Structures are given as C-alpha cells and as structure tokens.
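Letters A, B, ... mirror the listed sequences (proteins, then strands); counts begin at 1. These numbers were taken from a predicted model, which means no experiment stands behind them.
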Amino acid sequence: MNALEKPRELTLSILAEVAEVTPDDLEPHHRLREDLGLDSLTSLELLSRLGEALKMDLEFEQAMDIRTVDDACLFVERQCSVPQ
Amino acid sequence: MLRPAVIDDAGARDGAVSLLLPELRRYLARDVDGEAIDREGAIPEATRDGLARLGLFGLTIPESHGGAGLSLGAACEVVATLAEADRSIAIMVGLHAGLGTRGLVQHGTAELRDRWLPRLASGECVASFGATEASAGSDLTMLSTRVKPVAGGLRIDGEKSYVTNGGFAGLFTILASSPGLGGARAASLVCVPRDAEGVKIGREEDKLGIRGSSTVTVTFDGVVVPWSHLLGEPGKGIVLTHGLLAWGRTIMSAGCVGAARSALAMAMAHTHTRRQSRRPLSAFGATRAHLAWMSMRTRAMEAIVRDVSAAAEAGGPIAIPSAIAKVYCSDTAFAIADRALQLHGALGFLEPTGVARLLRDCRITRIFEGANDVLLVRIGAALLADPSALGRTGAEALDALALRLGAAVDAARRRWGVGAVNHQLALQRIARAHIALAVGAALLDGDDAGSSHAVSELVSEGNEALEALDRADTDDARAAAVLSVLAEA
C-alpha cells in the first residue's frame, strides 16, 4: 500500500496487525493502551512499523503524543503531507 | 534449623499477618512433608483442609465475602513463608490469591462475587486461571479459545495449557478471544465453574519441579455460562489480564523470596555443622563469601517485593515494577539455590537433603507468568519510552548509575529512534541495569542499615550491564554469524 496515497488506511492496517484486531474493529477514539492493550513494547513496534512504511526514522519525541487511533492516523497524514 | 538474620517477622506490616505467621510456621513444620508432596506429585487433601482452616484461601478476598481482605504486601509475607516450607503449596495458594481470584474480586458482577467468593475464601473451592495455550505461549493476543454470545449466555470452546490448580479447582478464570464482544478479535475474561457441562480436565503433567502443584490442560467443549460470568467490560480481557499479571508476578516473587530464605537457611545449617580440616565449613573465607552473597541477595529480593507491594497499596501502576521484581527474584532465587547446592557438595545432589528439590522447584519461576527473556525486553522498552522513570535516590553510587543509565537510554533513543524495538539484546541489557537500580533503590527505601554492601554489588551489576550494552550490536552480529555457520554445516 502506498503510504502517501492512503495514509489512514495504511495506519489502520498496521495498527490492526500489531493490536491483533481487524481494521474494521478500530474506532478513532480507541486508546492504544487502555482500549487496544498496547504496552510500551507493542507501541514501539507500531511506531517502528509506521516508520518503515513511511521510510522515515521516527524519533521518540515525535511519537509521544500518539494516544488514540485517530492520533496515529493524523500523525501519519501529517508526515505524508510534508514535502519529501 | 539456623535462622539467618534476614528471617524475621519485621516485614509483616499487617497485624493479622503477624499473628498468623507463627501459627502457620508451626503448622508447616508439624503437618507438611515437602519430600512426600514432591514424591507423590500431589498436595494431600488433608493439607489443603489444614491450610483452609488457617484461612489461607481467603487472604486477599474482601471481609464482606468471608476473606481477610489483606493487602498485597501481607499476602506476599504469607506466600514467602509457605515457600520456605514447600514451593508447591506456595504456588497453589499464591495462584489462588493472585490470578485465580483477583479478577473476580476486582471485576466480577455482584451476583458472581456473592455466589463464589465466600466458597473461595473458605477453601471449599480453589481458584485457577487459564490464559496460556499450546500454540500461543506468552503471546496473549494469539488466543484460539473462543467465547461468543449465544442464547442463554456465553459459549466457550477451546483448550488452555499449563493450568495451575486445574486438577482440583472449582472455578476457572479464563482469557478467551471474543468475536462479537468488543470487536471481531477482542478478548474477554470469563469465569467458568468446573462442573459446567463441557469442561474436561486433562491428566496431571509430569514436571521437573513444584511436582506437588497441579498442572493440567483444561478443555472447554461448548461450555455455556450466564452473562454474569463475564469479568469487566466485554473485549477488555487483555488489558484486565495485564493488571492481574502484575499482582500475580508480585506474589510469585514473594514465593521466590521464601525459596531463597530456605536455601540460605539450609546452607547456613550445613556449613556450620560440616567440618573440614577440623574447622566448620563456615569458617573458611570462600564459604563465608558464598553465604554473604546469598544473604545480601535475599535481603534485596525482600526489599523489591516490599517496594512493589507498597506501590500497589498506594494505588500506583505496578506493571513494570512487578516485572522487575519477578525477573530479579526468580533469577536470584535460582542462583541462591544453586549456591546452596554447591555448598552442600555431593550431598546437595542427593534428594534427601531437600536442596536438589529446592533447585528443581525454583527453575520454573524464570519461565511462567512471563518468561524472563520477554519481560527483560518489555522492561527495557518501557524505560526507553519513558526515561522519567529513572528517579534520584539520594545515594551517591545509585545516582551515578542512574545518570549513566539515563545517558545510555538517551543515546539509544537518539541512535535507533522507535526502531530500538528491533534491538532486543540492547533492550535486555538496559533492563538489567534498570533492575539493579530499582532493587538498589528499594533497599534504601527499606531503611535497611545492613544493605549498603548489597547496594554496592547491585551498582556493580548495573555497570556491568551497561558495559555489555556497549557491545550488544557486536554480540548480536557474532550470534548471527555463528548460527549462519551452523546452518551451512
């Protein structure tokens, strides 16, 4: 999947794989920790996978504000809108 | 038996426990034969009844439901005392007080709590917990056991492996994938009575250690339970289970403390009576060094368990602290048991001394309730995600270690970014340093005057972990090269 064309779909797809759910189960308001059961390790795994898909080296500081599914989608959308 | 200085009741902060422990010790010395339990591979029913009479099955169950309503720390004191005498019994009671009943106490419906908790508190019924599956191992997200809504309640199909207490438990709390409950692939916690139609109990597993503890496979074949048997919100099973595991790991760590106390006591007794060149073994410097090493580490284990229990009682998060306690206590108990065996010489290798059994019993604690290798990666990742967890202690050597660890974490964050998750060796070594720091800080928290030597040893261990961190990539590359040669051969 091309990240630049469909950033939200890409995010949901990776998030669903890491959280072991189907993309349809994900709601924008779902919290990564409380609702999806992600811990520090799986959160890092999610961000690492997103970084690989975006071909970017994500830093911790960039990732700290991602708390919900919608935060993750918006983060990826922002990264994709930045001129490469 | 000689009782080293670390064995006393001073840690028993709860008045009720202070009263219970002497009585429990008398009961264990008089009525429990650990060697027979190991040989027969079962805890006699009479022993279970005796423990029930002492109130041990109601330790952490609220007083409103027939239990003693004790804190986590008080339950840990009891489990440590049990483990001094017999690890199979400690596992049975610890699992009951932790994973077995904690979910029901915290998240059960009023109807379910009213029906089951009094029976569980009295010991009429023992609790069990099932999350692990043969094909999923430690990965709670790969469950094949299913729970789904049907007419009349919830239907459960699947199989749970390594179910502790399963052979005689009356109530199982199980984690199952729950399509249709909180999402197509969400998981939920459900209580299943043993006598529900479709519950099948497998044969007892033949184990290396804790042979008296019951470990079976439990199959759920079209079992239907009422909706009231669901614990907490539907679909939130994984999150709830992580909370239960934090409690369970703390109690298990307390069991390791008891095992270490027992190993130390046996080593002290043996080395004070066994003579070599007309002197007791304990008069030799090399022996004294072993005994001091064992004593300091037992003290450190006690401190970290007290620290985590206190954090839990204060309502703080204990997911990572309990993992730290579990890794440190299980690794250390095994190392202490190994030294006790070494100090016994060939005698220690013989079963009648009880040291061999102790060593066998300790081995599993490094594996269950989260294998240490996996927990180390999680502890390391958690610190990278939140370096603010590294506080200052006021102790110079520990603070210097904290500073060095903080710099290493900072460097790892800058170097790898979130890709650090792919550097497991490095995460494990960061975790080792963090564990040394946390245990050292716990020793200071306990205001333990005799602990300064233990703290300096922990600082050394932390520094060694950081030196190993520097060569993590090299070690990783070497391991890959060795395996590649093996694959070609």
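- B:Val418 has its side chain out of reach of A:Arg49: every pair of non-hydrogen atoms, C-beta onward, lies at least 4.5 Å apart.
- The number of heavy-atom neighbours closer than 6.0 Å to CZ of A:Phe75, taken from other residues, nucleotides and ligands shown, is above 12.
- Taken from NZ in B:Lys236 to CG in A:Leu36, the straight-line distance is 8.0 Å, to the nearest 0.5 Å.
- If you measure heavy-atom distances from A:Glu52 to chain B, the contacts under 4.5 Å come from the side chain alone.
- For the side-chain contact (heavy atoms from CB on, under 4.5 Å) with A:Leu41, the qualifying choice from B:Ile379, B:Val377, B:Leu384 is B:Val377, the only one to do so.
- When side chains are defined from C-beta on, A:Ser40 does not count as touching B:Asp386, because their heavy atoms never get closer than 4.5 Å.
- Note: B:His242 NE2 to A:Asp39 CG = 5.5 Å, rounded to the nearest 0.5 Å.
- Atom CD of B:Gln424 is surrounded by 12 or fewer heavy atoms from other residues, nucleotides or ligands within 6.0 Å.
- In terms of non-hydrogen atom pairs under 4.5 Å with chain B, the most contact-rich of A:Leu58, A:Leu26, A:Leu50 is A:Leu58.
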